[in-house]
S.K.: 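Sharing a structure below in structure tokens format, with a few things to ask.
Below, chain A is the first sequence line, B the second, and so on; all start at residue 1.
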Protein chains: 2
Amino acid sequence: MGRWEPDARGRMIAAAMELYAERGFEQTTAGDIAERAGVTERTFFRHFADKREVLFDGSDVMAKAVYDAVVSAPDGASPLDAALAGAAATSAFLEDRRDHAVRRARIVAATPSLQERELLKMAALTETVTEALRSRGVEEPAAGLAAHGAIAVFQVAFRRWAAEAEPPGFADCVADAADSFRALC
Amino acid sequence: MGRWEPDARGRMIAAAMELYAERGFEQTTAGDIAERAGVTERTFFRHFADKREVLFDGSDVMAKAVYDAVVSAPDGASPLDAALAGAAATSAFLEDRRDHAVRRARIVAATPSLQERELLKMAALTETVTEALRSRGVEEPAAGLAAHGAIAVFQVAFRRWAAEAEPPGFADCVADAADSFRALC
DNA sequence: GTCTATAGGGCGATAGAC
DNA sequence: GTCTATCGCCCTATAGAC
């Protein structure tokens, strides 16, 4: 056992989730989070660029997995199918954490400033999928449009998965949303 | 002529565009903008909720036009076609202001925090289109997915229209992007 | 760790329009 | 007189600099 309690980062994330849920994002100061986590305010800002970022830990790990899933989709897959393979890959990060995902989504939905950050991450993910498609030889504008479509499918799937009392698995929600998307055209 | 110069709001918007372009968003304080516009910092914040919002004046007027266009699309139009009518309606706000739109887009693209706000407006616009589709009797998830598709088409169309040296009209860019989108499925 | 500039909210005073 | 825009000063928290 070292000089500090272990997992300061995890404690800060947990403390932030609690406080944002209890009293709201704006009513929570960085100092409040640090205090509950047993660190100084300065330590909080060394781990997280800003107060929002604490709710987006690990989003680049998921982005990497999405990229790999798109790149390694079957050779014959259409641009849309390859992009949708990326959407499906997110289920590994959500399937067994529904409670946490729903609580987090509730906090984000209640706070415009957190929605903005979430949308920026989604836009970055769209860019990631676009890049992965281009590495498969897909040209613009098809690459960008297929990526946007896959992200829309993901969002619609997540909303249903979070809202329903007894939802099917997340992967099934993605598959259903993908079918609805294909039916559009 | 009264005590104050008229159109303080317009002067603040112009001053902000200039300063954000000259020295960047972060390097510009609200006081700088206010000073150049001949008002106090406090007046700036009375007109705009925050430093970002000054670049999004009139976005709700456009949202209203988009809503109306979707609602009044032909009776037989598919959900996607109705949503795309909304995307086409934005051309009235852009067609004759390419220079301004491009300068503004350049500033936004250079600043993550402005991108976040832009994405929030786009998400709100997606919600607007979704609502308009629902008022036409379109059910979820088709409404949300068609709305996302139309917004993607808009964004792809805008990017091309802004990037090309001698682009066709914005309406043509939307039509071309819509064709590419339909080809996805 | 300390120090500081800036964002952005609260509030009362003031000056004009009506 | 009322209503509204602007001002000026006070405040705290964020987040960057040192």
S.K.: How many Å lie between CD1 on B:I33 and P on D:dT6, as a whole number?
M.R.: 16 Å
S.K.: Kindly write out the residues that satisfy side chain to side chain donor-acceptor pair (under 3.5 Å) with B:D60, not counting sequence neighbours, or none if the list is empty.
M.R.: none
S.K.: Would A:E26 and A:K51 count as a salt bridge (charged side-chain N to carboxylate O under 4.0 Å, His left out) here? Give the steps.
M.R.: CA-CA 10 Å; A:E26 283 93 357; A:K51 247 176 79 184; over 6 Å; no
S.K.: Produce the list of close N/O pairs, under 3.5 Å, pairing protein atoms with atoms of nucleotides 15-18 of chain D; give distances to one decimal.
M.R.:
unit_1, atom_1, unit_2, atom_2, d
D:dA15, OP2, A:K51, N, 3.2
D:dA17, N6, A:R42, NE, 3.4

S.K.: Does a side-chain N or O of B:T40 approach OP1 or OP2 of D:dC7 to a distance below 4.0 Å, or not?
M.R.: yes
S.K.: Quick one: the dot-bracket string of DNA chain C, using Watson-Crick and G-U wobble pairs with both distances under 3.5 Å, [ ] for crossing pairs and | for bases paired to another strand.
M.R.: ||||||||||||||||||
S.K.: Under 6.0 Å from the CD atom of B:E35, do we count more than 12 heavy atoms belonging to anything else shown?
M.R.: no
S.K.: Who passes side-chain contact (heavy atoms from CB on, under 4.5 Å) against A:T43, sequence neighbours left out?
M.R.: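 For A:T43, the residues satisfying side-chain contact (heavy atoms from CB on, under 4.5 Å) (neighbours in sequence not counted) are A:M12, A:V39, A:T40, A:R46, A:H47.
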S.K.: Kindly give the heavy-atom pair with the smallest separation between A:V174 and A:V153, and that separation in Å.
M.R.: O-CG1, 3.8 Å
S.K.: How about CZ on B:R98, more than 12 heavy atoms from neighbouring residues, nucleotides or ligands closer than 6.0 Å, or not?
M.R.: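 Atom CZ in B:R98 is crowded, with more than 12 foreign heavy atoms closer than 6.0 Å.
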S.K.: Distance to the ring centre below 6.0 angstrom and angle to the axis at most 45 degrees; does that hold for B:R52 and B:F25?
M.R.: no
S.K.: Are B:I151 and B:Y67 linked, directly or through intermediate hydrophobic residues, by side-chain heavy-atom contacts shorter than 4.5 Å (ILVMFWY only)?
M.R.: no
S.K.: B:E53 CD to C:dG8 C1': how many Å, rounded?
M.R.: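 Rounding to the nearest Å, CD of B:E53 and C1' of C:dG8 are 14 Å apart.
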S.K.: Compile the donor-acceptor pairs under 3.5 Å between side chains in residues 157-168 of chain B and protein atoms, sequence neighbours left out, one pair per line.
M.R.:
unit_1, atom_1, unit_2, atom_2, d
B:R160, NE, B:E164, OE2, 3.0
B:R160, NH1, B:D176, OD2, 2.9

S.K.: Round to the nearest Å and state the distance from B:H47 atom NE2 to D:dT4 atom P.
M.R.: 14 Å
S.K.: Can you tell me the distance, in whole Å, between the CG atom of A:D32 and the C1' atom of D:dT14?
M.R.: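 Value for this atom pair: 13 Å.
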S.K.: Taking atom P of C:dT6 as reference, at what distance in whole Å does atom CG of B:L19 sit?
M.R.: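 Interatomic distance, CG of B:L19 to P of C:dT6: 14 Å.
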S.K.: Got a sec? Which of residues 22-31 of chain B come in under 4.0 Å of DNA chain C, heavy atoms?
M.R.: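 B:T28, B:T29, B:A30, in order of number.
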S.K.: Do B:L80 and B:F181 have side chains that get closer than 4.5 Å, going by heavy atoms?
M.R.: yes
S.K.: Would you call B:K64-B:D68 a salt bridge at under 4.0 Å N-O?
M.R.: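 Yes, charged N to carboxylate O under 4.0 Å.
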S.K.: Taking CZ from B:F44 and C1' from C:dT6, how many angstroms apart are they, rounded to a whole number?
M.R.: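 One finds 13 Å between C1' of C:dT6 and CZ of B:F44, rounded.
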